Amino acid sequence: MLRRFLLLLLPLLFLLLSGAGLGAYLETNDDLTIVGLLRGTSAAAPVTDLHLYFHGYAAVWAALYRSAPMVPWYALTLYGLLYAATVLGGAVLEKLLRGRLPGAGLVAFLGLFFGVAWLEHGFWFSYVRVPVLLAGAGVLFAAQRTPARWALVLGLLAFGLAWLVRPSAAVLGAVVAAPGAWWLAGRRAGPVLGGAAAWSLLGALCLHLTWSPEAATFRRLDVLKSNLLDFQLTAPPAQPLTAQDSLALAAAHRWMLADSTLVNEAFFRRATPIRPAYFLAHTAPGKLTATVTQLARDYFPLLLLLLATWVLAARQRSTERGFWLVQLAYVGLTLGVGTVLKLPPRLALPLLDLWVLGNVVYVFQLPALEPTRAARVLLAVLAVAAVPYAYKTAHRRVVLAQEQQRNRTERQRLQHVAGRSALLVSDAWEPTFKAESPFNDGPAPPLATYTLPVLDLQRLAVAGWHTLHPSQAALRQQLTGTRDFTEALRRLGGRPGVAWVLTPEAAAILNRQLALRPASGQPLRVLVPVQPDSGRAERAQLYQMRTKFPH
């Protein structure tokens with residue numbers, strides 16, 4: 001009975017109680033932006049293929065949202081997978097600790113571990129956390145119970161479900177879990193690690209062979225966009241930019257990526273070159289410092305656990321040199337991802353969780369180490385770290401609740417500005433999704449405590465990563481009869497029922513785009529504010545498109 005409670009009910013209670021006590025907040029606006037595509041509120045029709053992630057899931061969700069739009073299918077599915085990852089990770093720990101701690105100590109250890117190492121995953125949610133954790137926990141679970149075939153099947157199923165969510169994140173989870181799997185089972189871990197590798201290679205080949213040309217272009221542009229905006233890998237261009245490339249660079253920095261005549265692969269090659277020497281001298285030092293600072297500030301409980309495992313391992317002569325080489329590899333991977341790419345919370349904590357689990361596996365395998373003493377040392381470290389981490393989490397909850405309220409207020413203001421328009425053209429709507437509840441992904445129910453629909457307003461976004469997605473050109477074709485971004489703007493400008501709710505910076509860039517490619521034989525049309533907001537000039541406001549007459 002205790003084992004069943006620890007393995008199944010404790011993770012469920014943990015997720016439910018953390019949600020009831022702290023709430024659930026989105027780390028970024030990506031999740032609800034994706035749901036907008038799935039629902040078809042920011043696309044011509046519900047999107048069934050997101051190309052880069054959610055392979056298979058997207059088609060199922062699109063159908064579910066059509067049949068039952070009030071149900072938050074996206075959040076329910078991903079929290080279900082997060083629960084599965086929590087069960088698998090808890091099962092690995094429970095088997096390691098069984099016999100080393102009494103029943104109360106075992107419950108305390110798992111509860112404290114979930115509290116300091118797992119709480120953030122449900123509380124500050126991002127879909128990226130799920131595949132890293134699910135893939136890594138599945139690999140460890142299968143390796144620990146080798147050669148049981150049912151465990152191998154379950155571990156590979158977990159990896160497969162994670163890979164379909166986001167392939168690169170699942171591969172990262174399996175790679176980080178691989179040392180722990182080896183320490184658990186040695187060469188007998190080969191089937192689960194080999195199975196994960198085979199799944200990844202065959203899946204990547206299948207995607208490569210089935211991608212449409214527009215999907216392949218989207219993938220390449222997404223990488224180029226990330227090099228510039230997410231990873232800061234690019235350097236200033238060697239030659240002065242043309243007026244067109246200068247405008248394209250300004251638009252890209254504002255995430256206004258929809259105009260393929262401006263923002264395309266040739267533009268990225270010309271205007272955003274990657275020069276390793278420049279990156280190492282100018283960008284990498286700052287990113288490395290920020291990564292180290294973030295880890296020390298936000299994840300000190302995990303660092304303390306790692307330090308404790310190092311101390312326990314160092315005290316034993318039986319500790320192999322390979323253990324320390326693996327630790328150097330973990331350090332290199334963590335700092336390398338943060339410096340060369342980026343290490344946001346949605347990646348940092350899952351990576352540290354799997355690192356800690358692997359180290360705990362190794363420590364409990366040491367033949368000369370008294371296992372009960374090691375378990376008590378780690379339990380004491382968890383108890384000490386839990387106190388300041390609880391304060392930090394309470395403070396973060398206050399900050400996120402305030403951010404959520406600000407964004408809800410802003411979204412309500414934007415809706416008021418848009419009035420009863422049938423279509424909202426904006427760069428300001430999606431940013432208000434940050435810190436929203438993952439379960440508030442659709443129309444507000446009739447008895448909602450606040451009337452604030454999130455995704456039931458038809459929108460044409462002019463900013464955001466999703467403006468690169470092929471669905472956006474299809475939406476412009478449906479709305480205006482043309483896929484061309486600038487021409488679509490002009491046609492919408494003369495149509496009633498369209499609300500242009502834009503930030504001044506976005507409106508200025510759109511006006512530059514309209515001026516760069518004027519319609520043949522027609523006067524220039526520009527966006528002008530209806531009632532300029534002099535109080536807060538940076539706020540989004542209502543614009544109209546009018547003919548610009550020469551002075």
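A quick note: this is a predicted structure, and the numbers were derived from the prediction, not measured.
Checked by atom type and distance alone, the side chain of Lys434 never pairs as donor or acceptor with a backbone atom of Tyr25 at under 3.5 Å.
Counting all heavy atoms, side chain and backbone alike, Ala461 lies closest to His466 at CB-NE2, 3.3 Å. In this structure, Thr393 and Leu22 approach most closely via the heavy-atom pair CG2-CD1, 3.8 Å.
Just one of Phe323, Tyr330, Trp310 meets the ring-ring contact (aromatic ring centres under 6.0 Å, His included) condition when paired with Tyr362; it is Phe323. Among Tyr65, Tyr79, Trp61, the single residue meeting the ring-ring contact (aromatic ring centres under 6.0 Å, His included) criterion with Tyr74 is Trp61.
Looking at residues two or more places apart in sequence or on another chain, you find a side-chain contact (heavy atoms from CB on, under 4.5 Å) between Phe14 and Phe114, Trp118, Leu119.
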Determine whether Thr146 and Arg188 satisfy the following criterion, side chain to side chain donor-acceptor pair (under 3.5 Å), listing intermediate values before the conclusion. CA-CA 7 Å; Thr146 188; Arg188 292 181 300 169; 5.1 Å; no
Applying salt bridge (charged side-chain N to carboxylate O under 4.0 Å, His left out), run through Asp222 and Lys225 and close with a yes or a no. CA-CA 5 Å; Asp222 183 77; Lys225 172 269 299 176; 3.2 Å; yes
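To the nearest 0.5 Å, atoms CD (Glu430) and OG1 (Thr467) are separated by 9.5 Å. Rounding to the nearest 0.5 Å gives a distance of 9.5 Å between CE of Met70 and CG of Asp441. The line from CG of Leu224 to CG of Leu228 is 9.5 Å long, rounded to the nearest 0.5 Å. Interatomic distance, Arg219 CZ to His208 NE2, rounded to the nearest 0.5 Å: 9.0 Å. To the nearest 0.5 angstrom, Leu295 atom CG is 6.0 Å from Leu343 atom CG.
In this structure, Trp429 and Phe433 have perpendicular ring planes: the angle between them is above 60°, well past the 30° mark.
Between the side chains of Trp465 and Asp30, a donor-acceptor pair is found at a separation under 3.5 Å.
Judged as a side-chain hydrogen bond (donor to acceptor under 3.5 Å, both in side chains), the pairs with a partner in residues 160-180 (not counting sequence neighbours) are, in order, Tyr127-Arg166. Listed by first and then second residue, the side-chain hydrogen bond (donor to acceptor under 3.5 Å, both in side chains) pairs involving residues 87-101 are Glu94-Arg98 (not counting sequence neighbours).
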